[in-house]
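Since the structure comes first, as structure tokens, the remarks are kept for the end.
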Amino acid sequence: MKNKEFETKAIRHQIERTQQREHSVPIFATSSYMFEDAEHARALFAKEAEGNVYSRYSNPNNDEFVDKLCLLEGAEAGISTASGMAAMFVSIASFLNQGDHIVACRSVFGSTHQILTQLLPRWGITHNYVDIHDIDGWERAITPKTKMFFFETPSNPALDLIDIEKIAQIAKAHNILVNVDNCFATPYLQNPIEWGADIVTHSATKFIDGQGRMLGGAILGRKELIEEVMFMSRHTGPAMSPFNGWVLSKSLETLAVRMDRHCSNAFELATFLSEHNRVDMVKYPYLESHPQNELAKKQMRQGGGIVTFEVKGGLERGRTFLDALKMLSLSANLGDTRSIATHPASTTHSKLSEEERETVGISPGLVRISTGLENIKDIVEDIDQALMKDSN
Ligand SMILES: *Cc1c(COP(=O)(O)O)cnc(C)c1O
């Protein structure tokens with residue numbers, strides 16, 4: 001499969017069929033697996049033979065999902081997890097020991113921020129944040145105990161970018177692992193490993209499922225790294241459900257066509273908004289007005305499904321806009337077939353202080369749109385009528 005194109009890998013990578021000759025893969029709803037005989041059991045436990053033992057360790061549906069994701073990301077090995085946050089936590093916890101240090105971009109997902117600031121310090125693991133535009137800050141933040149760089153690009157919700165190749169070069173010179181949360185871009189738009197990242201983490205809950213049905217996550221990387229991750233995962237138990245593995249493997253079959261439409265809808269919406277007289281600022285990586293448009297074109301194949309903008313008049317007008325939407329859903333989620341509007345300052349990023357929000361590019365009136373797969377005319381029409389609504 002390695003030499004085939006993205007869509008072909010996503011559709012044709014499959015586990016072996018059973019004697020029933022089924023065309024679609026069955027769900028292996030089993031907690032454990034039988035041994036051929038006593039010798040087979042011994043060999044499996046001694047790791048002299050390969051095979052399934054227990055679904056906390058491996059399951060055919062989860063393997064199909066994650067092996068396919070590896071093919072799409074260009075990773076040697078991977079493991080699936082029950083949620084994106086399980087992937088973030090396990091991918092960090094597998095490599096850091098007491099006293100170690102992590103450097104992260106300040107613009108990380110809310111729960112990742114809680115892991116770094118509230119949970120890891122309990123085990124003596126400290127961190128430093130670097131502002132997203134401060135590329136030299138990564139080098140300055142390194143201590144003798146720094147083991148990992150962690151970041152997301154594009155960032156949520158400001159859609160600022162980080163040059164993966166540059167950060168990876170700094171990390172290599174200091175023997176530091178680079179862990180990239182590639183949830184916003186998906187493997188269809190961006191492959192961090194190609195630019196030097198060591199570990200790629202995903203929340204499969206977003207565009208990979210793409211239909212707002214379930215949680216899932218994955219950790220990908222070189223074989224020797226993923227072995228460490230497997231040890232942590234097998235014995236702490238954040239395993240994916242086989243049903244979720246089955247659904248998510250099917251979801252990958254349509255990722256390319258879905259992302260093409262998410263991206264073309266988002267680009268059209270961003271273009272419309274940038275000409276709207278009730279909008280102050282529009283951010284979209286593939287708009288020429290994006291300050292890092294060059295970088296976007298270097299490391300991303302398209303601009304992604306998310307658009308952020310500032311409603312003229314700040315917080316109050318932003319609220320009027322959200323309440324006036326008739327079709328778009330108000331939700332904190334993203335990466336669904338349904339378009340979603342989010343007000344980060346009062347929801348996803350409400351735990352940050354106003355000053356912290358400012359440093360990660362979240363102004364009071366900022367709105368994030370996860371552009372769905374409805375017809376773009378209807379998406380634009382709903383947003384336009386909501387923008388035109390008067391606040392009194
Ligand atoms: C949603 C999200 C996560 C967390 O994933 P869950 O599946 O909700 O646990 C992590 N990182 C990013 C960028 C996300 O958008």
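Here the structure is a predicted model, which means the values were calculated and not measured. Atoms within each ligand, like the ligands themselves, are counted from 1 in listed order.
The six-membered or imidazole ring of Phe272 lies near that of His276, with a centre-to-centre distance under 6.0 Å.
Figure legend: cation-pi geometry between Lys298 and Trp195, with NZ or CZ positioned under 6.0 Å from the six-membered ring centre and within 45° of its axis.
Within a 6.0 Å sphere centred on CG of Asn175, other residues, nucleotides and ligands contribute 12 heavy atoms or fewer.
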N/O to N/O under 3.5 Å, ligand 1 against protein:
from: ligand 1; atom 1: 5 (O); to: Ser203; atom 2: OG; distance (Å): 2.9
from: ligand 1; atom 1: 7 (O); to: Gly84; atom 2: N; distance (Å): 2.8
from: ligand 1; atom 1: 7 (O); to: Ser203; atom 2: OG; distance (Å): 2.9
from: ligand 1; atom 1: 7 (O); to: Thr205; atom 2: OG1; distance (Å): 2.5
from: ligand 1; atom 1: 9 (O); to: Gly84; atom 2: N; distance (Å): 3.1
from: ligand 1; atom 1: 9 (O); to: Met85; atom 2: N; distance (Å): 2.8
from: ligand 1; atom 1: 11 (N); to: Asp181; atom 2: OD2; distance (Å): 2.6
from: ligand 1; atom 1: 15 (O); to: Lys206; atom 2: NZ; distance (Å): 2.7

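A donor atom on one side chain and an acceptor atom on the other are not found under 3.5 Å apart for Thr8 and Arg12. A donor-acceptor contact closer than 3.5 angstrom is absent between the side chains of Glu316 and Thr320.
Phe6 meets the ring pair (Phe, Tyr, Trp, His ring centres under 6.0 Å) test with Tyr188; sequence neighbours excluded.
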